[in-house]
Amino acid sequence: MSCFTCIKVLMILFNLAIFLAGGTLLGVGIWVSVDSGSFLKVFGVLPHGVASQLVNVGYFLIAIGLLLLILGFLGCCGAQKESKCLLLTFFSIVLIIFIAEIAGAVVVLVYSPVIESILSSVLVPVLQKDFGRDEQVTRIWNATMTELNCCGVNGYGDFNNSAFVSSNNGHYPRPCCDSGAACTQQTADASHVKGCFRQILDLIKSKAAIVGGVAAGICALELAAMIVSMYLYCRLDKGGSIH
C-alpha cells in the first residue's frame, strides 16, 4: 500500500468515525427533545431543575450532530471520490471552526470583564423581572446557583429591587446566603457568595489542566484533518491520483 493510499484510507476512516459520532449525537438530541420523559428515566431520579437543563441540551446536541454529519460526509466523500471541491469545503469548514475556537478562547481570557458586562446587561433584567414569576427561568437559575454555589450573574446585588425580593418580604434566593438564617440583604452581604459568571471562570481555572488538555487534543485533531485534506487536495491539484 502506497503512502498516498494509506493517507486516503486514514482520511476516510477518520471522517467515517466523525460521521457516526454526529449521527449518534443527532439521534440522542432528537430523542431528548421529542421524548424527554423516557430519556430522563435512563438517569433515574434527578432534581427538577437539573432535569430541565438536561432536556434543553437536546437542541445543542442536534446542532453539533448535524455539523459533524456534514463534516464527516464532506471529508469521507472528498477522499473517496477524490473531489477537490469536497476536500476544499471540508478544509474551509474545519479552518473556520478552528479560528472561531481560538478567537473565542482569546476573547474569554482577555475580555472577560467585557463579557461579564454584556451578560449582565442581558441576564440581570431577566432576573429582576422573571425570577420567581416565570417557572422555567426560576427553575434553571435555582439549579445553576445551587450546583455552582453562586448567586445571580455578579452577586446578590442582581436581585436588588427585583420582583422576587419584593414579593418575598425582602428575602433573597437561598443560594445567595451560606447560612441557615433567613436570606435577607444583610445576610447575603455577609455571606460573600460569588456571582455565577465569576464562579464559572474560577471553576475553569481550577480545571485548567483538564480543559487545556481537551482543548489541545481537539486543536491537534483539527490541524491534522486540515493538513491531510489539504495534502490530498494539492496532490489532486497537480493532476496526480491518490491510488
Side-chain angles (χ1 to χ4, degrees), residues 7 10-33 39-40 42-43 46-47 49-76 78-79 89-116 118-119 123 140 143-150 153 194-231:
I7 292 176
L10 289 175
M11 180 74 171
I12 293 173
L13 292 177
F14 176 73
N15 284 282
L16 180 61
I18 291 178
F19 185 86
L20 293 176
T24 301
L25 288 178
L26 179 62
V28 173
I30 294 174
W31 179 21
V32 172
S33 303
F39 179 82
L40 291 175
V42 176
F43 294 90
L46 292 175
V50 176
S52 298
Q53 288 184 317
L54 186 63
V55 171
N56 290 333
V57 169
Y59 298 108
F60 177 74
L61 293 178
I62 291 175
I64 297 298
L66 285 173
L67 178 61
L68 291 179
L69 279 174
I70 294 172
L71 279 176
F73 173 80
L74 290 174
C76 191
T89 303
F90 173 84
F91 175 86
S92 300
I93 293 177
V94 176
L95 178 61
I96 292 172
I97 294 173
F98 182 78
I99 294 174
E101 290 172 348
I102 298 298
V106 171
V107 169
V108 170
L109 293 175
V110 178
Y111 298 103
S112 58
V114 177
I115 296 175
E116 185 173 6
I118 294 174
L119 286 176
L123 296 178
I140 291 174
T144 301
M145 294 189 294
T146 300
E147 292 295 323
L148 297 178
N149 295 317
C150 59
V153 179
K194 293 181 180 179
C196 291
F197 180 81
R198 186 57 52 187
Q199 191 76 334
I200 291 173
L201 285 183
D202 291 344
L203 180 63
I204 293 175
K205 290 177 182 178
S206 68
K207 306 293 183 181
I210 298 175
V211 174
V214 172
I218 292 175
C219 288
L221 287 175
E222 290 171 344
L223 283 172
M226 286 190 290
I227 291 172
V228 171
S229 61
M230 185 51 62
Y231 174 80

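Hydrogens, waters and symmetry mates are skipped; everything else that's a heavy atom, side chains included, is used.
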Working to the nearest 0.5 angstrom, can you tell me the gap between [X] [atom1] and [Y] [atom2]?
X: Ile97; Y: Ile93; atom1: CD1; atom2: CD1; answer: 7.0 Å
X: Leu26; Y: Ile30; atom1: CG; atom2: CD1; answer: 4.0 Å
X: Cys196; Y: Met145; atom1: SG; atom2: CE; answer: 6.5 Å
X: Leu13; Y: Ile18; atom1: CG; atom2: CD1; answer: 11.5 Å
X: Leu71; Y: Thr89; atom1: CG; atom2: OG1; answer: 10.5 Å
X: Ile99; Y: Glu222; atom1: CD1; atom2: CD; answer: 10.5 Å

message: Please give me the minimum heavy-atom distance between Ala79 and Ile12, naming the atom from each residue.
response: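 Result for this residue pair: CB-CG1, 3.8 Å.
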
query: Between Met11 and Phe90, is any pair of side-chain heavy atoms under 4.5 Å apart?
result: yes

message: Using side-chain heavy atoms (C-beta onward) and a distance below 4.5 Å, is Leu68 in contact with Phe19?
response: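 With C-beta onward as the side chain, the pair stays apart.
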
Donor-acceptor under 3.5 Å (Gln199 side chain, Leu148 main chain): yes

Atom CZ of Phe73: over 12 foreign heavy atoms under 6.0 Å: no

- prompt: Partners of Leu61 by side chain to side chain contact (heavy atoms under 4.5 Å, CB included), sequence neighbours excluded?
  reply: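 Counting only residues at least two positions away or on another chain, Leu61 forms a side chain to side chain contact (heavy atoms under 4.5 Å, CB included) with Leu25, Val28, Val57.
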
